[in-house]
Amino acid sequence: LGMLTFFAIVGVLSMLMGEAFIKLGIVSLVAKIVAGLLIFFGLVMLLGVTSHLLGFVDRFVSKYSTTETDETFTPRRNMYLYGFGYAAASIDCTAAAVLPFVLFLSSKGSSVTAIGLSGLMLGLLILMIVVTVSVGLGRQVMINFLRRATGMIKLVGAWMMIMAGVVLTIYLNSPELV
């Protein structure tokens with residue numbers, strides 16, 4: 001529910017932005033900017049830079065989470081906040097790819113934005129469940145594997161962003177090639 005809430009907020013904001021882009025007639029311009037941002041931020045990620053764009057969400061989650069030693073322990077609220085924070089962290093880690101993607105979706109209309117964000121949310125939910133179960137079953141082995149693989153995951157993500165930006169640029173200028 002926390003993830004759903006977070007993505008619902010992002011979705012509403014995206015739909016409002018998309019409607020404004022359509023009214024202003026700048027959809028094509030936004031798409032070209034998104035393509036450029038994907039390439040630029042992919043290159044920035046290759047340099048090892050990480051976004052802290054949504055760090056305020058982590059502070060919010062930490063402030064309102066409780067522990068067993070607190071006077072009032074609220075595990076349901078903690079799980080809700082964890083889902084909200086996880087969704088924000090997932091975007092924060094990949095903000096360079098996700099934010100241009102959301103901007104691009106928003107320029108295509110409300111239904112496209114809803115479907116795109118639903119797919120993003122479902123993918124994150126499945127990943128969250130798989131990683132949580134794997135860590136739970138594998139304990140330290142899985143944690144060590146993920147720590148070792150983090151650099152490679154970021155590297156592959158950066159190259160994927162660059163390629164997505166290049167393909168989007170080609171598509172926007174010569175759609176028959178894609």
Side-chain angles (χ1 to χ4, degrees), residues 3-4 6-58 83-131 134 142 145-178:
M3 288 179 75
L4 180 64
F6 181 82
F7 282 112
I9 292 168
V10 170
V12 168
L13 292 174
S14 298
M15 285 184 234
L16 293 172
M17 285 186 334
E19 290 173 11
F21 295 155
I22 291 168
K23 285 179 184 173
L24 293 172
I26 59 171
V27 173
S28 179
L29 176 64
V30 169
K32 290 176 182 175
I33 291 170
V34 166
L37 287 174
L38 283 169
I39 295 167
F40 173 76
F41 286 128
L43 292 171
V44 169
M45 276 182 67
L46 283 177
L47 296 173
V49 178
T50 302
S51 167
H52 296 289
L53 186 64
L54 298 175
F56 68 93
V57 174
D58 182 47
F84 193 89
Y86 187 91
S90 70
I91 285 184
D92 202 31
C93 292
T94 59
V98 174
L99 293 179
F101 172 69
V102 170
L103 280 174
F104 183 71
L105 288 177
S106 68
S107 70
K108 297 298 180 186
S110 299
S111 60
V112 173
T113 303
I115 291 168
L117 286 174
S118 296
L120 179 64
M121 188 176 78
L122 181 63
L124 289 171
L125 182 63
I126 291 169
L127 181 62
M128 180 179 172
I129 291 169
V130 167
V131 169
S134 298
M142 187 62 182
F145 171 77
L146 289 172
R147 282 188 181 142
R148 286 191 311 272
T150 300
M152 182 59 72
I153 292 168
K154 286 183 178 181
L155 184 65
V156 169
W159 281 109
M160 288 175 64
M161 284 174 47
I162 293 168
M163 292 302 119
V166 168
V167 170
L168 182 57
T169 300
I170 292 169
Y171 174 73
L172 292 170
N173 294 308
S174 303
E176 67 279 354
L177 293 176
V178 178

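Any value given below was found using the heavy atoms of this structure, including those in side chains, with hydrogens, waters and symmetry copies removed.
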List the atom pairs, with distances to 0.1 Å, where a side-chain N or O of residues 159-171 and a protein N or O form a donor-acceptor pair under 3.5 Å, not counting sequence neighbours.
unit_1: T169; atom_1: OG1; unit_2: G165; atom_2: O; d: 2.8

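- In this structure, the side chain to side chain contact (heavy atoms under 4.5 Å, CB included) partners of V12, at least two apart in sequence or on a different chain, are L16.
- Listed here is the closest heavy atom pair of A158 and G42: CB-O, 3.5 Å.
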What's the verdict on side chain to side chain contact (heavy atoms under 4.5 Å, CB included) for I9 and F84, showing C-alpha distance, side-chain angles and the deciding distance? CA-CA 11 Å; I9 292 168; F84 193 89; 4.2 Å; yes
I'd like to know whether N173 forms a side chain to side chain contact (heavy atoms under 4.5 Å, CB included) with K32, so could you lay out the CA-CA distance, the side-chain angles of the two residues, the decisive distance to 0.1 Å, and finally the verdict. CA-CA 9 Å; N173 294 308; K32 290 176 182 175; 4.2 Å; yes
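- Between atom CG of residue L4 and atom CG of residue L117 there is a gap of 11.0 Å, rounded to the nearest 0.5 Å.
- Remark: I33 engages L29, L37 in a side chain to side chain contact (heavy atoms under 4.5 Å, CB included) (not counting sequence neighbours).
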